[in-house]
Amino acid sequence: MPSIEIPPCRAEITSGIRHKIGEFLRAANPEKSFRAAIVTDDNVSALYLDDVRRSLDETKINFVVFTVAPGEVSKSFPVLEKLVEFLAAQHFTRSDALLALGGGVVGDLTGFAAASFLRGVPFYQIPTTLLAMVDSSIGGKTAINLAAGKNLCGTFYQPQKIFTDPETLATLPDAIFADGAAEALKYGMICDRKLFHAIAANALRSDAANIIARCIEIKASIVQRDTFDRGERRLLNFGHTLGHAIETASHFAVSHGSAVAIGMMEITRIACRRGLCPKQTAENLQTALQNLHLPTENPYPVDTILQTMLNDKKRHGEILEFVIPRDTGKCELFPVSIHDLKDFLTK
């Protein structure tokens, strides 16, 4: 299985790697005093916590466990506070490390805690969902949500290493798997037509490891050229400006992947209406999303999500930047004045 360099870290994609976490950590941290804090959620802990525990026990690494509730409710200041207070009570130091065992919520929360506790302690990503494997564990973005919107408080902080175990996909509910498929399809839309058509044909089920590796390669390449999201990396937000607003409007009842799917579809329709991309592009995307059992229609009127969009972290002054498709496999940044935003979305 591939090992992909994502400076300054590396993603190891290996079936069963969760059973060998201790070996990697001990090799990187030979000091006997080294400790680990496993951060996970109630769902993942029932499935994979014992595997990681055994691996740490076998390599004589002392560890503690901090468990959160599943879902976006855990990407919050109250949960972050509990986590860092827990680390302080356990007398964690900069020589120790945090392990994020779970999906995007656990990864974002753990990364933000690692970045801020003691002004920075090491952490490792162990993504267990498709979405986390192809997207949220890659690139060093960490965040929690605010009432005003998603991911509005966070920082850039890279993990030491990412341990991706495709075996964990076998236990994902279909809806959670589909969430990750939306993010994978995004990479195809922005820069890889071949990848788009492979995912649309359900290759994620038959060739998961190689599809995951290709998504990581794309994101790693873009992140390496634009670490702090000031230019090309913004292309990775395709579907996210509308998607995050839909998530917030639904109080996170609409999942991230579903919201991104709707966001990609809506912005592609807008691009077609404005003559910026062929009608076939929208038709291909709609077919692909339907094949992946993802929604394609926005359940909210524009006025409901407009205010949330004005709080989007990608806003620069009076300009909000969208990612629009020119064709399958080709997207570009498209600035819109906030004064024209409603017209842009509706006319």
Checklist entry - Can S255 and D179 be counted as having a side-chain donor-acceptor contact under 3.5 angstrom? => result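 Note: S255 and D179 side chains meet the donor-acceptor criterion.
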Next on the checklist: Applying side chain to side chain contact (heavy atoms under 4.5 Å, CB included) to F156 and T142, what does each step give before you reach the verdict?
Outcome noted: CA-CA 6 Å; F156 293 92; T142 76; over 6 Å; no
Checklist entry - Parallel, tilted or perpendicular for F123 and Y157, by the 30°/60° rule? => result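 Geometry flag for Y157 against F123: parallel rings.
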Item to check | Distance-only side-chain donor-acceptor flag, E318 / S337, under 3.5 Å | outcome: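 No, S337 and E318 have no side-chain donor paired with an acceptor closer than 3.5 Å.
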Item to check | Check: F334 ring centroid to F344 ring centroid under 6.0 Å | outcome: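 Under 6.0 Å, so yes.
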Checklist entry - Between I319 and L152, is there a shared hydrophobic cluster once you connect ILVMFWY residues whose side-chain heavy atoms come closer than 4.5 Å? => result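 In one cluster with I319: L152, no.
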Checklist entry - Can we say D51 and R54 salt-bridge, meaning some charged N sits less than 4.0 Å from an Asp/Glu carboxylate O? => result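 So D51 pairs with R54 through a salt bridge.
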Item to check | Side chains of K75 and N151, donor plus acceptor under 3.5 Å | outcome: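 Note: K75 and N151 side chains meet the donor-acceptor criterion.
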Checklist entry - Who passes salt bridge (Lys or Arg N to Asp or Glu O under 4.0 Å) against E23, sequence neighbours left out? => result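 For E23, no residue satisfies salt bridge (Lys or Arg N to Asp or Glu O under 4.0 Å) once neighbours in sequence are set aside.
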Checklist entry - Taking the side chain from T14 and the backbone from I17, do they hold a donor-acceptor pair closer than 3.5 Å? => result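 Checking the backbone N and O of I17 against the side chain of T14, no donor-acceptor pair under 3.5 Å is found.
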For residues 92-106, tabulate all N or O donor-acceptor pairs below 3.5 Å that involve a side-chain atom, not counting sequence neighbours.
| from | atom 1 | to | atom 2 | distance (Å) |
| --- | --- | --- | --- | --- |
| T93 | OG1 | S95 | N | 3.1 |
| T93 | OG1 | D96 | OD2 | 3.3 |
| R94 | NE | L118 | O | 2.9 |
| R94 | NH2 | L118 | O | 2.8 |
| D96 | OD1 | R35 | N | 3.0 |
| D96 | OD2 | R35 | NH2 | 3.4 |
| D96 | OD2 | T93 | N | 2.9 |

Checklist entry - Are F24 and F163 close enough that their ring centers fall under 6.0 Å? => result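 Centroid distance F24-F163: below 6.0 Å, so yes.
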Checklist entry - Would R193 and T328 count as having a side-chain donor-acceptor pair, cut-off 3.5 Å? => result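 Their side chains do not contain a donor-acceptor pair, so the 3.5 Å distance test is not met.
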Next on the checklist: Show the nearest heavy-atom pair for residues V68 and S74, with the distance to one decimal.
Outcome noted: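 Taking every non-hydrogen atom into account, CB-OG, 3.6 Å.
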Checklist entry - Who passes side chain to side chain contact (heavy atoms under 4.5 Å, CB included) against Q286, sequence neighbours left out? => result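 Partners of Q286 by the side chain to side chain contact (heavy atoms under 4.5 Å, CB included) criterion, ordered by chain and then number, come out as M265, R269, Q290, T296.
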Checklist entry - Between the side chain of D41 and the main-chain N/O of P70, is any donor-acceptor distance below 3.5 Å? => result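 Here the side-chain-to-backbone pair does not exist.
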Checklist entry - Sequence neighbours excluded, which residues qualify as salt bridge (Lys or Arg N to Asp or Glu O under 4.0 Å) partners of R26? => result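 Testing R26 for salt bridge (Lys or Arg N to Asp or Glu O under 4.0 Å), a comparison that skips the adjacent residues, returns none.
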Checklist entry - Going by heavy atoms in the side chains, are C277 and I324 under 4.5 Å from each other? => result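 Heavy-atom side-chain distance check fails, nothing below 4.5 Å.
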Next on the checklist: Using the side chain to side chain contact (heavy atoms under 4.5 Å, CB included) definition, which of the options V65, V39, V64 pairs with F86?
Outcome noted: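 With F86 as partner, side chain to side chain contact (heavy atoms under 4.5 Å, CB included) holds for just one option, V64.
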Item to check | Heavy-atom donor-acceptor pair, T59 side chain to L56 backbone, under 3.5 Å | outcome: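 Here the side-chain-to-backbone pair exists.
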Next on the checklist: When you compare the side chains of E183 and H240, does any donor N or O come within less than 3.5 Å of an acceptor on the partner?
Outcome noted: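 Per modelled atom types, E183 and H240 side chains form a pair under 3.5 Å.
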Checklist entry - Which pairs count as ring pair (Phe, Tyr, Trp, His ring centres under 6.0 Å) when at least one residue sits in residues 192-214, sequence neighbours excluded? => result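 As it turns out, there is no ring pair (Phe, Tyr, Trp, His ring centres under 6.0 Å) pair with a partner in residues 192-214 once direct neighbours are skipped.
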Checklist entry - Would you say the side chains of Y48 and T171 form a donor-acceptor pair under 3.5 Å? => result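 Yes.
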Checklist entry - In terms of hydrophobic clusters joined by side-chain contacts under 4.5 Å, are L236 and L285 together? => result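 In one cluster: yes.
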Item to check | Whether H256 and H244 hold their rings parallel, tilted or perpendicular, with breakpoints at 30° and 60° | outcome: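 H256 and H244: tilted rings.
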Checklist entry - Between the side chain of R315 and the main-chain N/O of L310, is any donor-acceptor distance below 3.5 Å? => result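 Yes, R315 side chain to L310 backbone: donor-acceptor pair under 3.5 Å.
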Next on the checklist: Before you tell me yes or no, could you show the steps for R10 and E12 under side chain to side chain contact (heavy atoms under 4.5 Å, CB included), namely the whole-Å CA-CA distance, both residues' side-chain angles and the distance that decides it to 0.1 Å?
Outcome noted: CA-CA 6 Å; R10 181 184 292 272; E12 303 286 350; 3.0 Å; yes
Checklist entry - Are L109 and I138 linked, directly or through other ILVMFWY residues, by side chains that come within less than 4.5 angstrom of each other? => result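 Hydrophobic grouping puts L109 apart from I138.
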Checklist entry - When you look at L306 and L341, which way does the side chain to side chain contact (heavy atoms under 4.5 Å, CB included) test go after all the steps? => result CA-CA 8 Å; L306 199 57; L341 188 55; 3.6 Å; yes
Next on the checklist: Checking R274 now: which residues fulfil salt bridge (Lys or Arg N to Asp or Glu O under 4.0 Å) with it, not counting sequence neighbours?
Outcome noted: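 Partners of R274 by the salt bridge (Lys or Arg N to Asp or Glu O under 4.0 Å) criterion come out as none, since no residue qualifies.
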Next on the checklist: Between R205 and D174, is the salt bridge (charged side-chain N to carboxylate O under 4.0 Å, His left out) condition met? List the steps.
Outcome noted: CA-CA 11 Å; R205 290 291 188 185; D174 289 343; 3.3 Å; yes
Checklist entry - Side chains of N311 and Q307: do they bring a donor and an acceptor to under 3.5 Å? => result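 Their side chains do not contain a donor-acceptor pair, so the 3.5 Å distance test is not met.
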Next on the checklist: Quick check: is M189 connected to V260 through a chain of hydrophobic side chains (ILVMFWY, heavy atoms under 4.5 Å apart)?
Outcome noted: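 Same cluster: V260 reaches M189 through Ile, Leu, Val, Met, Phe, Trp or Tyr contacts under 4.5 Å.
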